[in-house]
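Just the heavy atoms: all of them, side chains too, but no hydrogens, waters or symmetry mates, feed the values below. Below, read A as the first sequence line, B as the second, and so on, with proteins coming before strands; counting in each chain starts at 1.
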2 protein chains.
Amino acid sequence: MARKTGSHSDITGPRIRAEAQRLFARHGFAAVSMRQIAAAVGVQAGALYLYTADKESLLVDLLKGHMDDLLAAWAAQPRGGGALARLERFVRFHIRFHLDRAEVVFLSYMELRNLGPENFAQIEALRRSYENELEAILKAGQAEGVFALPDTKLATLAIIAMLTGVNTWFREGGRLSRDTVEEIYWDMARKAVAA
Amino acid sequence: MARKTGSHSDITGPRIRAEAQRLFARHGFAAVSMRQIAAAVGVQAGALYLYTADKESLLVDLLKGHMDDLLAAWAAQPRGGGALARLERFVRFHIRFHLDRAEVVFLSYMELRNLGPENFAQIEALRRSYENELEAILKAGQAEGVFALPDTKLATLAIIAMLTGVNTWFREGGRLSRDTVEEIYWDMARKAVAA
DNA sequence: TTTGATAATGAACATTCGTTCAGATAACTT
DNA sequence: AAGTTATCTGAACGAATGTTCATTATCAAA
């Protein structure tokens with residue numbers, strides 16, 4: 001046997017990335033073998049190398065793709081209004097976007113250390129530019145007098161950590177709906193930065 | 001060669017745990033081999049099995065030991081006062097304790113999935129009992145009327161996520177001292193739960 | 001229908017992995 | 001000083017690792 005009936009790179013490529021994401025998130029990058037990914041896709045290990053240079057590239061593609069999606073989705077959000085309205089948009093957007101992508105979010109926080117220095121720096125820069133979006137809002141609110149913060153950078157990191165923390169406990173169909181969670185976290189975030 | 005001069009299980013045992021903690025935190029549990037740990041200690045791989053049943057036990061010991069330390073240290077803190085004073089103690093304690101143990105904290109958040117189900121459940125129970133300490137404070141404050149929270153469980157998780165987030169960016173000798181960080185986070189936490 | 005590009009196999013590669021164990025040496029006990 | 005116990009070595013085990021490659025089957029174009 002060689003090429004399979006109905007096989008197509010437009011299909012196999014995305015499936016490899018999807019299965020890799022799932023397995024990396026579940027067991028960790030180092031704990032997952034190329035053969036496991038191949039088996040999940042329904043293919044032999046050698047075939048993976050038609051789609052990725054090596055194992056690390058597979059991870060880098062997932063992480064970089066995620067950060068690009070995040071920044072693009074945020075850029076597509078409405079932009080006007082005062083600092084308070086913009087902060088509310090950010091909080092709700094962050095929770096929604098991250099809950100929708102629990103697997104790759106998990107990866108982004110856990111597997112950065114498996115990257116080479118150059119890849120690491122690249123992802124880190126993307127993350128910093130996302131953080132800067134929130135910090136700009138906090139600075140604006142500070143200037144408007146609606147926020148009172150001793151340190152906007154720290155507040156940025158504190159809020160993002162708090163919001164991303166939702167991913168560690170939220171379960172679909174649990175006690176609380178996404179909307180309720182959004183509401184409660186927005187309430188806390190608003191008060192935490194309030195003047 | 002066999003037994004080394006000056007060798008003692010009181011020395012080698014702790015050193016193995018220390019090096020394992022360092023390496024696991026730096027590269028991830030699955031990415032570190034028993035031979036790497038042994039080399040860091042200055043011993044052959046086989047010698048590790050005088051001190052641990054297998055690789056997973058090494059991880060479990062670190063994680064369980066950390067949670068025990070955490071709960072014991074919190075239990076040793078002063079206990080009286082109103083909810084606000086108790087919350088302040090919790091916030092400052094949490095930041096200090098976690099900053100002092102960055103490596104094992106990192107491990108505790110990253111490597112739970114490398115545990116078997118029974119070990120996982122055990123660690124998870126310890127963590128939940130730590131969370132309950134904070135939730136009790138929030139409930140008391142709610143009853144006193146000094147806190148206003150739609151959901152004390154969510155607020156518990158949100159605050160812990162925010163506080164533990166310090167570990168992801170704090171660097172000794174950086175722009176801010178530990179005391180300043182403690183101060184700023186206490187300010188935000190206080191406001192976030194305020195009535 | 002023939003032909004060339006595409007997609008996959010499956011075997012092989014040198015390493016490395018966690019773990020075991022008989023044998024050797026140092027430290028402690030008497 | 002002799003005997004016992006504690007500590008470690010070094011080699012070995014089979015299994016699994018990431019990656020390469022000659023070969024083959026299918027698809028798309030002529």
Evaluate the side chain to side chain donor-acceptor pair (under 3.5 Å) criterion for residues B/Asn167 and B/Thr164: first the C-alpha distance (whole Å), next the side-chain angles of each, then the deciding distance (0.1 Å), finally the verdict.
CA-CA 6 Å; B/Asn167 274 59; B/Thr164 308; over 6 Å; no
Pull out every residue in residues 23-33 of chain B that has a heavy atom closer than 4.0 Å to any atom of DNA chain C, ordered by number, or say none.
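Here the set is B/Val32, B/Ser33.
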Does one side chain, of [X] or [Y], offer a donor that lies under 3.5 Å from an acceptor on the other?
| X | Y | result |
| --- | --- | --- |
| B/Ser177 | B/Thr180 | yes |
| A/Glu56 | A/Asn119 | yes |
| A/Thr152 | A/Glu135 | yes |
| A/Ser129 | A/Asn132 | no |

Distance test, side-chain N/O of [X] to OP1/OP2 of [N], below 4.0 Å:
| X | N | value |
| --- | --- | --- |
| B/Thr12 | D/dC8 | yes |
| A/Lys4 | D/dA25 | no |
| B/Ser9 | D/dA6 | no |
| A/Gln36 | D/dT17 | yes |

Determine, stepwise, if the pair A/Arg190 / A/Glu88 fulfils salt bridge (Lys or Arg N to Asp or Glu O under 4.0 Å).
CA-CA 8 Å; A/Arg190 178 178 50 76; A/Glu88 178 169 6; over 6 Å; no
Positive for salt bridge (charged side-chain N to carboxylate O under 4.0 Å, His left out) with B/Glu133, one of B/Arg86, B/Arg89, B/Arg79:
B/Arg79
Just compare C/dT19, D/dC8, C/dA12 and give me whichever is closest to any side-chain atom of B/Met34.
C/dT19
Of all the choices, D/dC8, C/dG10, C/dT19, which nucleotide is nearest to the side chain of A/Gln44 once you look at every atom?
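Closest nucleotide among those given: C/dG10.
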Over the length of the helix from C/dT1-D/dA30 to C/dT30-D/dA1, how much do the five-pair end axes diverge, rounded to 10 degrees?
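The angle, to the nearest 10 degrees, is 10°.
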Quiz item: cation-pi between A/Arg22 and A/Phe24, 6.0 Å / 45°:
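A/Arg22 over A/Phe24 ring: no.
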[atom1] of [X] versus [atom2] of [N]: gap in Å, rounded?
| X | N | atom1 | atom2 | result |
| --- | --- | --- | --- | --- |
| B/Arg35 | D/dA12 | CZ | C1' | 10 Å |
| A/Ile11 | D/dC27 | CD1 | C1' | 12 Å |
| A/Ile37 | D/dA16 | CD1 | P | 17 Å |

Could you say whether B/Thr5 or B/Ala45 is positioned toward the 5' end of DNA chain C, judged by the nucleotide with the nearest heavy atom to each?
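It is B/Ala45 whose nearest nucleotide is closer to the 5' end.
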Ring centroid separation B/Trp74 to B/Phe90 under 6.0 Å:
yes
Answer yes if the ring centres of A/Tyr130 and A/His94 are under 6.0 angstrom apart, and no otherwise.
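Yes, ring centres under 6.0 Å apart.
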Tell me which residues in residues 49-59 of chain A lie within less than 4.0 Å of DNA chain D, going by non-hydrogen atoms.
A/Tyr49, A/Asp54, A/Lys55
Please report the C-alpha distance between A/Arg178 and A/Asp100 in whole Å, then the side-chain angles of each, then the deciding distance to 0.1 Å, and finally whether the salt bridge (Lys or Arg N to Asp or Glu O under 4.0 Å) criterion is met.
CA-CA 10 Å; A/Arg178 289 172 177 237; A/Asp100 282 338; 2.7 Å; yes
